[in-house]
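Report on one structure; see the data block that follows.
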Amino acid sequence: MTFAQFTSYLEKLEATSSRLALIDILAQLFQQVEAKEIAKVAYLIQGRVGPFYEPIEMGMSEKLVAAAIAKAYGIEKEEVLKGYGRVGDLGLVAQRVSNKRQITSTELTVEEVFETLRAIAETSGKGTVEKKTTLLAGLLGKVDEIGAKHLVRIPLGSSRLGVGDPTLLDAFAQTKLGDRKRRKELEEAYNRTSDLGLIGQTLWQKGLQGVKKLDVAVGRPIRPELAERLPDAKTILVKFGGQAHVQYKYDGFRTELHKDGDHVRIFSRNLEETTAMLPELVEGVKKQVKAKSAILDAEALAFNPESDEFLPFQETTKRRRKYGVEEMAKKLPLKAFVFDIMYVDGKSLIDRPLQERMEVLKKVVSSDDILVPQSGEITASEERINNLFNDAITKGLEGLLVKRPDSKYEAGARNFNWVKLKRHSAGELKDTIDCVILGYIWGRGKRAKFGAGSLLVGVYDKEKDEFVTVSKIGTGLTDEEWKTIHARADKIKVEHRPARVNAILEPSVWIKPEIVIEVLADEITRSPIHTAGKEGKEAGYALRFPRLIKFREDKEPEDATTVKELTEMYQQQHKKD
Ligand code: ATP
């Protein structure tokens, strides 16, 4: 497929405000894609040159991309930057300047573009800047104006197509299985492998049966299993049929630890590779994991080495940084509480019952100072769960994770196999809600200075793969945070309502659903102006007295609270416990 053909579809994707249209356009594109191309096409649609979990950095700043545009079209870099200042998008600048000249050929293929972009990412050492600029300029010289616009946005990470993983899976299903609703048949393999390119390639080459055989592998993150909410120990025991497996709930950040011989890789909650940030955990895995290969699920927490006390989340989160890693690792060393094991020495354990996995965990991870295996305990007693809960709170922890003892590790699933029991203060909801910022509304007075008055936020409707509105938020943000949000939002603002956003309210500015924030509210109420959980003429859900708690850098928009969870929280909130 030529790059020009490919980008003509990207152009259509960019223009639509309908999710179903997104799937149709993708399916038309996929009809024409060969097996050897599909993985590359899938990555490029998401503005990437590999799966999300591969830490491929293009290493091109806006200035460098501007230099490449200047070089390709024989104009001054300053002129390009001036244009950027005016329209705020180098893609549009490239489109405009390339429009003025004649291109010699449009035969450049998607594969050639993909390979060159990868070469740009892999260029390092002496003369890097020059080499990267020349490679990108070389590509720009061979594409048409629409191609130039989309090409430039890839190294900048500013593609604005709004195509999420579920949308791509829908389009795979529509193309190869005849119905987008059959996405579910691809989803389990996706949850085990986290690699859309691999799913696409396997589906094209080996069909659905091939996809179903794709298994867990070391070095490829498994989408984490997630927890539901229930009000108390009694309800949990009834739901589980008598017995529960109880573990402490640590409030740090989730880490998936992969060991392959001497090679250790670590992935975050949203499957980003974080190995370089966590050197002591790498050492811990090498020292304490007594198997050649293994995949572990853990929560990493900072502690004070002098008092041996755990630190609050705000401290732990300082470890999510790219620079000054060694220094911070000394100041705020981490421990990882290992609460599950999904793979050991060539064998996947995800279909084994939790109890059996805990036995393996005890054998494979030795107790020492960095990794702390947390196999938990089984009980049938409500009183015991309550005691453990109080114990957890006294220790400064968040509460408990109560799990069904015979459950498999269900990658990517949030169901009642795992239930979180959290502390709460009277009158407030027990849990916070993770919302996606969908747009902002101009403010008046002091706030106008920072460019925003309130944020329009939403939650995720997993069944429909849509973002639906749940609240406007103006409280809890400092002036500094407003400025940061404004700066971030400006980079991802879009002309019209994104295709996967369903809203009645119209903000001053729409932005690409990307930024996730944690919100605390007093109550979930019903409201006709919000679309979360709204069916026909019935009212949707809304938040009463919402305030921002923190940014959730570890979550993708699709990891926000779902409508299903919100509905359950609404039903549970007035039950006394
Ligand atoms: P979620 O991760 O479920 O989307 P969240 O990020 O808001 O929600 P919480 O409500 O705090 O997180 O609870 C779930 C998280 O608790 C897990 O994702 C994991 O990071 C953490 N956790 C701590 N201890 C455990 C444990 N023993 N078992 C499973 N998860 C645990």
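Start at 1 and go down the list; that is how both ligands and their atoms are numbered. Worth saying up front: this structure is predicted, and the values here are computed from it rather than measured.
Counting non-hydrogen atoms of other residues, nucleotides and ligands closer than 6.0 Å to CD of Glu185 gives a total above 12.
For Thr167 against Ile23, the heavy-atom pair with the smallest separation is CG2-CG1, 4.0 Å. Listed here is the closest heavy atom pair of Ala173 and Arg180: CB-O, 3.9 Å.
Remark: minimum distance from atom 24 (N) of ligand 1 to any protein heavy atom is reached at Tyr250 N, 3.2 Å. If you check which protein heavy atom lies closest to atom 18 (O) of ligand 1, you get Arg254 NH1, 3.1 Å. Nearest protein heavy-atom contact of atom 19 (C) of ligand 1 is Glu299 OE1, 3.1 Å. When hydrogens are left out, the protein atom nearest atom 30 (N) of ligand 1 is Phe339 CZ, 3.5 Å; that is the closest non-hydrogen contact. Remark: minimum distance from atom 3 (O) of ligand 1 to any protein heavy atom is reached at Arg414 NH1, 2.9 Å. When only non-hydrogen protein atoms are considered, atom 8 (O) of ligand 1 lies nearest to Lys420 NZ, 3.4 Å.
Looking at Arg552 next to ligand 1, an N or O pair under 3.5 Å apart turns up. At least one N/O-N/O distance between Lys422 and ligand 1 falls below 3.5 Å.
By the 4.0 Å heavy-atom criterion, Tyr248 is counted among the residues contacting ligand 1. Heavy atoms of Trp418 approach ligand 1 to within less than 4.0 angstrom. Ligand 1 lies within reach of Lys403, whose nearest heavy atom is under 4.0 Å from it.
Geometrically, Arg526 engages Tyr570 in a cation-pi contact, judged by NZ or CZ lying under 6.0 Å from the ring centre and within 45° of the ring axis. Stacking of Arg320 on the aromatic ring of Phe253 is recorded, both the 6.0 Å distance cut-off and the 45° axial limit being met. A cation-pi contact, defined as under 6.0 Å to the ring centre and within 45° of the axis, is absent between Lys335 and Tyr250.
Ring-plane geometry between Tyr460 and Phe467 is classed as tilted, the angle between the planes lying from 30 to 60 degrees on a 0 to 90 degree scale.
The nearest non-hydrogen atom to atom 4 (O) of ligand 1, considering only Gln374, Arg269, Glu518, comes from Arg269.
With respect to Lys318 and Glu315, a salt bridge is recorded, a charged nitrogen being found less than 4.0 Å from a carboxylate O. One finds a salt bridge joining Arg269 and Asp559 here, because a Lys/Arg side-chain nitrogen approaches an Asp/Glu carboxylate oxygen to under 4.0 Å.
Taking every heavy atom of Gln247 and a limit of under 4.0 angstrom, the matching atoms of ligand 1 come to 26 (C), 27 (N), 28 (N). Each of the atoms 11 (O) of ligand 1 lies under 4.0 Å from some heavy atom of Glu398. Close contacts between ligand 1 and Lys555 involve ligand atoms 1 (P), 4 (O), 5 (P), 6 (O), 7 (O), 8 (O) [criterion: under 4.0 Å to a heavy atom].
Residue Asp434 touches ligand 1 through its side chain alone, judged by heavy-atom distances below 4.0 Å. The backbone and the side chain of Lys249 each have at least one atom closer than 4.0 Å to an atom of ligand 1 (non-hydrogen atoms only).
Ring-centre distance between His258 and Tyr343: not below the 6.0 Å cut-off.
To the nearest 0.5 Å, atoms CD (Glu272) and CZ (Phe267) are separated by 11.0 Å.
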